[in-house]
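The first residue in the sequence is number 1, and the count goes up from there. Only heavy atoms go into these numbers, but all of them, side chains included; no hydrogens, no water, no symmetry mates. Counting starts at 1 for both ligands and their atoms, in listed order.
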Amino acid sequence: MSNQKIIVTGGCGYIGSHTTVALQNAGYNVVIFDNLANSTPETLDRITEITGVRPMFEKIDCTDIDAVRDAFDRHGDATGVIHFAALKAVGESVSYPLMYYKNNLVSLINVLEMMTAFNIENIVFSSSATVYGAPDTLPATEDTPTRAATSPYGQTKIMAETIIRDTVAANPKMHAVLLRYFNPIGAHPSGKIGELPRGVPNNLMPYITQVACGQREKLNVFGDDYPTPDGFCVRDYIDVNDLADAHIAALRHMIDSGDDIDVFNIGTGRGLSVMEIIRTFERATGVKINYTITARRPGDVPAIWACADKAAKVLGWRAKTPLDDTMRAAWLWQQNISKN
Ligand code: NAD
Ligand code: UDP
């Protein structure tokens, strides 16, 4: 058990809340920095119900350097930072690029600056498989070349990785782990925390659960003519609780190894098509999904999945939640939020 303090920016959000639960269950003291731009304060109550411990909370906008400085001043005894705070809607980023560059990059720069000022040496960063674009060979390994992103959101991840690399190179005491997430899905098995999409979901899984509960009439399946075994797009869907655990493994490794910088794919190592996801959801929950095949969505790569061997070898982490359990948790969460 550890009683180290960890700053979790964006800790009220989807992945941050699950990671806070995992950290608290592992004995860490968590302080969340979040402006609640895409989350609600009730998440703090839910985390408390699950873990029996209320995380500390600073309602701050990470783009506000004075607020970030004040918060670091109160929590300068932290061992590390897990930096989730970012805007993440790909389509919105195309319409509002400056909002995305400002929010995602200024937040990161402020956090790095204050880490340096307060001698906090360890950062885990939420990167994304989007940095690979459409790889020439699959699965994507950490050595697969990164590509210029097709959206400002994706571009913020490429730029953030560079900013972190350069900062670590210039500060010998600083350590970083870049986690490239594949497609996070699911919810806590209690159904108390999960993904809270604003408006019409962009992502597959919340769309499926909203169709399942009757909130939406049918799912649009984007394209059935891809060069994949069944013609549907292929992704690597990672359970959000497994993803949360990867952050703890990354923190431990960073502190124990003293490595300057490491990058890990966080996925299952298995590609599944949109149709396989629909069928698995139906089997696991007993609920039929009404769908229709539509045109491809611009910007979607036909297939991508992770080589997850490096995380297994170096971090001792691998995905373990059966997909049926992930589906049932997502469905339980959807039923809970539909009630309110
Ligand atoms: P989310 O929107 O649920 O959580 C992000 C949290 O950050 C929210 O609580 C939001 O209020 C907060 N936030 C945003 N801007 C902020 C700011 N300026 N100051 C303070 N708080 C701020 O998103 P998520 O799905 O939990 O994603 C977490 C991280 O993982 C993000 O960096 C995202 O880009 C990355 N990521 C997500 C996915 C995915 O599919 N969910 C995939 C790859 C990478
Ligand atoms: N998808 C779909 N219908 C939807 C949303 C997504 O068919 O309403 C497909 C999409 O084409 C992709 C997969 O589901 O192949 C995952 O999409 P998502 O937006 O969840 O994640 P992405 O891989 O784009 O980050």
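Ile82 is not connected to Phe125 by any chain of hydrophobic side-chain contacts under 4.5 Å among Ile, Leu, Val, Met, Phe, Trp and Tyr, and they are in different clusters. In the hydrophobic clustering of ILVMFWY residues, with side-chain heavy atoms under 4.5 Å counting as a link, Ile158 and Val177 come out apart. A continuous path of ILVMFWY side-chain contacts below 4.5 Å connects Leu323 to Ile289, so both sit in one hydrophobic cluster.
By the 3.5 Å distance cut-off applied to N or O atoms, Lys157 is counted among the residues near ligand 1. Polar contact with ligand 2: present for Phe222 (N/O pair, distance under 3.5 Å). Residue-to-ligand polar distances keep Leu87 apart from ligand 1: every N/O pair is separated by 3.5 Å or more. Any N or O atom pair closer than 3.5 Å counts here, and Leu204 shares at least one such pair with ligand 2. Between Asn183 and ligand 2, at least one pair of N/O atoms sits closer than 3.5 Å. Looking at Asn35 next to ligand 1, an N or O pair under 3.5 Å apart turns up. For ligand 1, the polar-atom distance check finds an N/O of Ala37 within less than 3.5 Å of one of the ligand's N/O atoms. Considering backbone and side-chain atoms together, Phe33 places no N or O closer than 3.5 Å to any N or O of ligand 1.
Close contacts of ligand 1 with Cys62, meaning ligand atoms under 4.0 Å from a residue heavy atom, involve 17 (C), 18 (N), 19 (N), 20 (C). Of all atoms in ligand 1, listed by their number and element, those nearer than 4.0 Å to a heavy atom of Ser128 are 43 (C), 44 (C). Below 4.0 Å from some heavy atom of Asp34 lie the following atoms of ligand 1, by number and element: 6 (C), 7 (O), 8 (C), 9 (O), 10 (C), 11 (O), 12 (C), 20 (C), 21 (N). The ligand atoms of ligand 1 that sit less than 4.0 angstrom from a heavy atom of Asp61 are 17 (C), 18 (N), 19 (N). Close approach to Asn202 involves these atoms of ligand 2, each under 4.0 Å from a residue heavy atom: 5 (C), 19 (O). Close approach to Asn220 involves these atoms of ligand 2, each under 4.0 Å from a residue heavy atom: 2 (C), 3 (N), 4 (C), 7 (O), 8 (O). Annotation for ligand 1: atoms under 4.0 Å from non-hydrogen atoms of Ile60 are 19 (N), 20 (C). Contact atoms of ligand 1 toward Cys12: 9 (O) (distance under 4.0 Å to a heavy atom of the residue). Those atoms of ligand 2 that come under 4.0 Å of a heavy atom in Arg297, given as number and element, are 10 (C), 17 (O), 18 (P), 19 (O), 24 (O). Near Leu36, with a cut-off below 4.0 Å to any heavy atom, the atoms of ligand 1 are 11 (O). The atoms of ligand 1 that sit less than 4.0 Å from any heavy atom of Ser127 are 43 (C), 44 (C). Of all atoms in ligand 2, listed by their number and element, those nearer than 4.0 Å to a heavy atom of Asp300 are 10 (C), 11 (O), 24 (O). Near Val221, meaning under 4.0 Å from one of its heavy atoms, ligand 2 places the atoms 7 (O).
Counting only heavy atoms of the protein, atom 15 (O) of ligand 2 lies nearest to Cys233 CB, 2.8 Å. Atom 7 (O) of ligand 1 has Gly10 CA, 3.3 Å as its closest protein atom, hydrogens excluded (heavy atom only). Closest to atom 40 (O) of ligand 1, if we only count protein heavy atoms, is Pro184 CD, 3.3 Å. Of the protein's non-hydrogen atoms, Ile15 CD1, 3.8 Å is the one closest to atom 27 (O) of ligand 1. The protein heavy atom nearest to atom 5 (C) of ligand 1 is Ala86 O, 3.8 Å. Atom 4 (O) of ligand 1 has Gly13 CA, 3.4 Å as its closest protein atom, hydrogens excluded (heavy atom only). Here the protein heavy atom with the shortest distance to atom 15 (N) of ligand 1 is Asn103 ND2, 3.1 Å. Scanning the protein heavy atoms around atom 2 (O) of ligand 1, the nearest turns out to be Asn38 ND2, 2.7 Å. Regarding atom 24 (P) of ligand 1, its nearest protein heavy-atom neighbour is Lys88 NZ, 3.7 Å.
Here the shortest heavy-atom distance to atom 13 (C) of ligand 2, taken over Tyr237, Tyr291, Phe182, belongs to Tyr237. The option with the heavy atom closest to atom 36 (N) of ligand 1, from among Phe84, Phe182, Tyr14, Tyr153, is Tyr153.
Ring geometry, His18 versus His188: the interplanar angle falls from 30° to 60°, so the pair is classed tilted. Below 30°, between 30° and 60°, or above 60°: for Trp331 and Phe281 the angle between ring planes is above 60°, a perpendicular geometry.
Checking Glu92 against Tyr100 by side-chain atom types alone, a donor-acceptor pair falls below 3.5 Å. Defined by atom type and a distance below 3.5 Å, a donor-acceptor pair is missing between the side-chain atoms of Asn203 and Tyr14. Of the N and O atoms on the side chains of Asn25 and Thr51, not one donor lies less than 3.5 Å from an acceptor on the other residue. Using modelled atom types and a 3.5 Å distance limit, the side chains of Asp61 and Thr63 yield a donor-acceptor pair.
Heavy atoms of Asn183 stay at 4.0 angstrom or farther from ligand 1. The shortest separation from a heavy atom of Gly11 to ligand 1 is not under 4.0 Å, leaving the residue out of contact. Residue contacts with ligand 1 leave out His83, since none of its heavy atoms falls under 4.0 Å from the ligand.
Minimum heavy-atom separation, Met205 to Ile277: SD-CG2, 4.2 Å.
Here the CD1 atom belonging to Ile266 is positioned 7.5 Å from the CD1 atom belonging to Ile238, to the nearest 0.5 angstrom. Within the model, atoms CG of Leu251 and CD1 of Ile123 stand 10.5 Å from one another, a figure rounded to the nearest 0.5 Å.
Under the 6.0 Å cut-off for aromatic ring centres, His247 and Tyr181 qualify, their centroids lying closer than that. Residues Tyr207 and Tyr291 place their aromatic rings such that the two centres sit no closer than 6.0 Å.
Side-chain atoms of Asp259 never come within 3.5 Å of backbone atoms of Asp262 as a donor-acceptor pair (strictly under, hydrogens ignored).
Within 6.0 Å of CZ on Arg147 lie more than 12 heavy atoms contributed by other residues, nucleotides or ligands.
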* Stepwise, does the salt bridge (Lys or Arg N to Asp or Glu O under 4.0 Å) test hold for Glu142 with Lys310? -> CA-CA 8 Å; Glu142 290 79 356; Lys310 188 178 171 194; 5.5 Å; no
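Using a 4.5 Å cut-off on side-chain heavy atoms (C-beta onward), Thr228 and Cys233 make no contact.
Residues forming a side chain to side chain donor-acceptor pair (under 3.5 Å) with Asn122 (at least two apart in sequence, or on another chain): none.
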